[in-house]
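Naming convention: chains lettered A, B, ... in sequence-line order (proteins, then strands); numbering from 1 in each chain. All of these numbers come straight from a predicted model, not from anything done at the bench.
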There are 2 protein chains.
Amino acid sequence: MEDSKIHLSEEQKTLVERLGMTYERSGMTQVASRILGLLLVSEDPDLTFDQLQATLGVSKSAISNSLNFLINTNKIEEISRLGERKRYFRSKVLQWKEEIKKSSSQMTQFTDLLKTVLKQRPGNTLEFNQNLAELIDFMEFMREEMPMLFKKWESRKK
Amino acid sequence: MEDSKIHLSEEQKTLVERLGMTYERSGMTQVASRILGLLLVSEDPDLTFDQLQATLGVSKSAISNSLNFLINTNKIEEISRLGERKRYFRSKVLQWKEEIKKSSSQMTQFTDLLKTVLKQRPGNTLEFNQNLAELIDFMEFMREEMPMLFKKWESRKK
DNA sequence: TTTTTGGTTCTGTACCAAGAGAACCAAATT
DNA sequence: AATTTGGTTCTCTTGGTACAGAACCAAAAA
């Protein structure tokens with residue numbers, strides 16, 4: 001495993017770190033976050049295990065665990081190249097359309113829970129109940145509207 | 001501090017716990033999550049420090065820390081009642097409209113970061129760059145559309 | 001002034017998760 | 001058959017955090 005560290009300009013390093021911070025805020029580990037950042041910033045969008053390790057300067061286990069996590073949570077994908085044994089990893093951030101569709105079913109679940117809450121509430125807390133009903137209604141509205149919004153966006157594209 | 005435990009039906013207890021699980025999944029602590037759940041389920045939407053403590057059956061410090069956390073992250077608000085010293089706490093989940101507006105500015109920030117990434121990318125990764133540009137475009141589109149969506153929703157309401 | 005109320009802060013413990021480092025292993029290469 | 005490559009898995013350390021319990025404290029009440 002020779003030194004396959006990728007060269008990054010100062011600006012690129014900063015970007016990897018800033019993207020990393022953004023992902024960390026959503027609860028990801030530092031290493032996983034930086035992998036995602038690096039996969040967006042690096043010139044080649046497909047990087048190998050050892051390129052990631054050498055560039056980020058962390059242990060193999062950290063990379064291995066993070067890659068598995070990112071694959072399980074559908075943030076990256078594995079690419080194999082013909083005639084090559086080693087695998088390449090690519091960010092799936094750019095396949096965001098599917099993600100959005102999945103989040104719709106999560107939303108439905110939460111909405112259902114809120115409906116149950118509303119149903120068992122006493123009738124005397126009028127304003128509260130109305131606000132809750134509004135929230136539920138809005139979430140359902142959004143779920144219905146999303147497909148149309150998508151169409152609108154697509155047709156608007158140059 | 002007499003026993004100010006709130007009585008909850010079995011269904012209500014289950015709901016507090018299920019709401020709690022939902023919040024925990026988003027990274028909140030157990031106590032903070034259950035406070036949020038309880039504030040949605042309890043008959044009175046405004047609860048005091050000791051009602052929370054007695055009902056959830058945890059230590060004062062746990063309540064104190066969680067309440068501070070929830071206030072800092074804007075999930076609950078403090079209410080004072082005239083002539084009363086003790087404070088009441090209320091969930092802000094139902095003030096979701098403001099939250100949505102704030103999330104729009106967060107989105108702008110992330111979009112800006114992605115724009116910076118795109119700008120410094122080499123020109124030879126065409127598909128990648130196009131996908132990234134699309135993502136940026138869609139996020140900006142969403143931000144623009146939100147106000148209109150809101151209007152549409154409001155006018156549709158019975 | 002003393003006591004009570006409504007909390008906050010400090011200290012200690014227990015747990016958990018991230019990451020390092022090394023051992024390990026299967027497939028490919030020599 | 002021996003070695004190298006491309007990782008995975010195991011163990012250990014470290015750091016952080018949630019929570020309990022108790023001490024503490026300021027404002028209000030008595």
Side-chain angles (χ1 to χ4, degrees), chain A residues 1-6 17 20-21 23-39 46-73 75-90, chain B residues 1-6 17 20-21 23-39 46-73 75-90:
Chain A
M1 223 177 266
E2 87 283 24
D3 191 44
S4 34
K5 184 148 110 189
I6 289 177
E17 191 239 302
M21 291 299 292
Y23 287 117
E24 277 185 70
R25 248 174 265 136
S26 79
M28 250 177 244
T29 71
Q30 202 179 54
V31 175
S33 302
R34 288 180 178 177
I35 289 177
L36 283 184
L38 181 53
L39 287 176
D46 299 351
L47 299 181
T48 66
F49 190 103
D50 55 306
Q51 284 179 313
L52 291 170
Q53 197 208 333
T55 310
L56 296 180
V58 297
S59 70
K60 286 170 86 175
S61 56
I63 296 288
S64 180
N65 292 330
S66 293
L67 286 178
N68 287 331
F69 168 80
L70 290 171
I71 287 167
N72 288 334
T73 54
K75 302 292 184 194
I76 63 171
E77 62 186 335
E78 257 169 299
I79 311 277
S80 50
R81 292 188 186 170
L82 279 164
E84 274 192 71
R85 186 183 166 199
K86 72 179 123 188
R87 290 171 292 156
Y88 289 79
F89 301 93
R90 174 186 297 178
Chain B
M1 221 177 266
E2 87 284 24
D3 190 42
S4 33
K5 184 149 108 188
I6 289 178
E17 191 239 301
M21 291 300 292
Y23 288 118
E24 277 185 69
R25 248 174 266 135
S26 80
M28 250 176 243
T29 72
Q30 204 180 49
V31 174
S33 302
R34 289 180 177 177
I35 289 176
L36 283 184
L38 182 54
L39 288 176
D46 298 352
L47 299 181
T48 66
F49 189 102
D50 55 306
Q51 284 178 313
L52 292 170
Q53 197 207 332
T55 310
L56 296 180
V58 297
S59 69
K60 286 170 86 174
S61 55
I63 297 289
S64 179
N65 291 331
S66 292
L67 286 177
N68 287 331
F69 168 78
L70 290 171
I71 287 167
N72 288 335
T73 55
K75 302 291 182 194
I76 64 172
E77 61 186 336
E78 257 170 298
I79 310 277
S80 50
R81 292 186 185 171
L82 279 165
E84 276 192 72
R85 186 183 166 197
K86 71 180 121 186
R87 290 170 290 157
Y88 290 80
F89 300 93
R90 175 186 297 179

Handout entry: Distance below 4.0 Å between B/Arg87 side-chain N/O and C/dT8 OP1 or OP2
Key = yes
Exercise for the section: Using whole Å, report how far OH of B/Tyr23 lies from P of D/dA18. Expected result: 18 Å
Completion exercise
Atom CG of B/Leu52 and atom P of D/dC19 are separated, to the nearest Å, by 14 Å
Practice task
Measure from CD on A/Gln51 to P on D/dT5 and round the result to the nearest Å.
Solution key: 16 Å
Practice task
Grab the CD1-C1' distance between A/Ile71 and D/dT8 for me, whole Å please.
Solution key: 13 Å
Handout entry: A/Asn65 CG - C/dA20 P separation (whole Å)
Key = 10 Å
Problem - Minimum heavy-atom distance between A/Phe69 and A/Ala32, given as atom pair plus value - result: CD2-CB, 4.3 Å
Exercise for the section: Give the rounded distance in Å between these two atoms: NZ of B/Lys60 and P of C/dG6. Expected result: 10 Å
Fill in the blank from the handout: Per atom distances to the A/Ala62 side chain, the nearest of C/dG19, D/dT8, D/dA20 is C/dG19
Handout entry: Between C1' of D/dG7 and OH of A/Tyr88, the distance in whole Å
Key = 15 Å
Problem - Inter-residue atom distance A/Ser66.OG - A/Gln53.CD, 0.5 Å rounding - result: 11.5 Å
Handout entry: Sidechain-backbone polar pair: B/Thr55 side chain, B/Gln51 backbone, donor-acceptor under 3.5 Å
Key = yes
Practice task
Would you indicate which nucleotide in D/dA27, C/dG19, C/dA27 comes nearest to any side-chain atom of B/Arg85?
Solution key: D/dA27
Fill in the blank from the handout: The residue, A/Ile63 or A/Gly83, whose nearest nucleotide of DNA chain C is more 5′ is A/Ile63
Exercise for the section: Under 4.0 Å between any heavy atoms, over every strand shown, what does A/Thr29 touch: base, sugar-phosphate, or nothing? Just pick one. Expected result: sugar-phosphate
Exercise for the section: Would you mind reporting whether B/Thr29 and B/Asn65 have side-chain heavy atoms less than 4.5 Å apart? Expected result: no
Exercise for the section: Take the protein atom NZ of B/Lys86 and the nucleotide atom C1' of C/dT4, then report the distance between them rounded to whole Å. Expected result: 13 Å
Exercise for the section: Report yes if at least one side-chain N or O of B/Ser59 is closer than 4.0 Å to OP1 or OP2 of D/dC19; otherwise report no. Expected result: no
Practice task
Could you tell me whether the side chain of B/Ser61 has a donor or acceptor atom within less than 3.5 Å of a complementary atom in the base of D/dG21?
Solution key: yes
Exercise for the section: Measure the OG1-NZ distance between B/Thr48 and B/Lys86 for me, rounded to the nearest 0.5 Å. Expected result: 5.0 Å
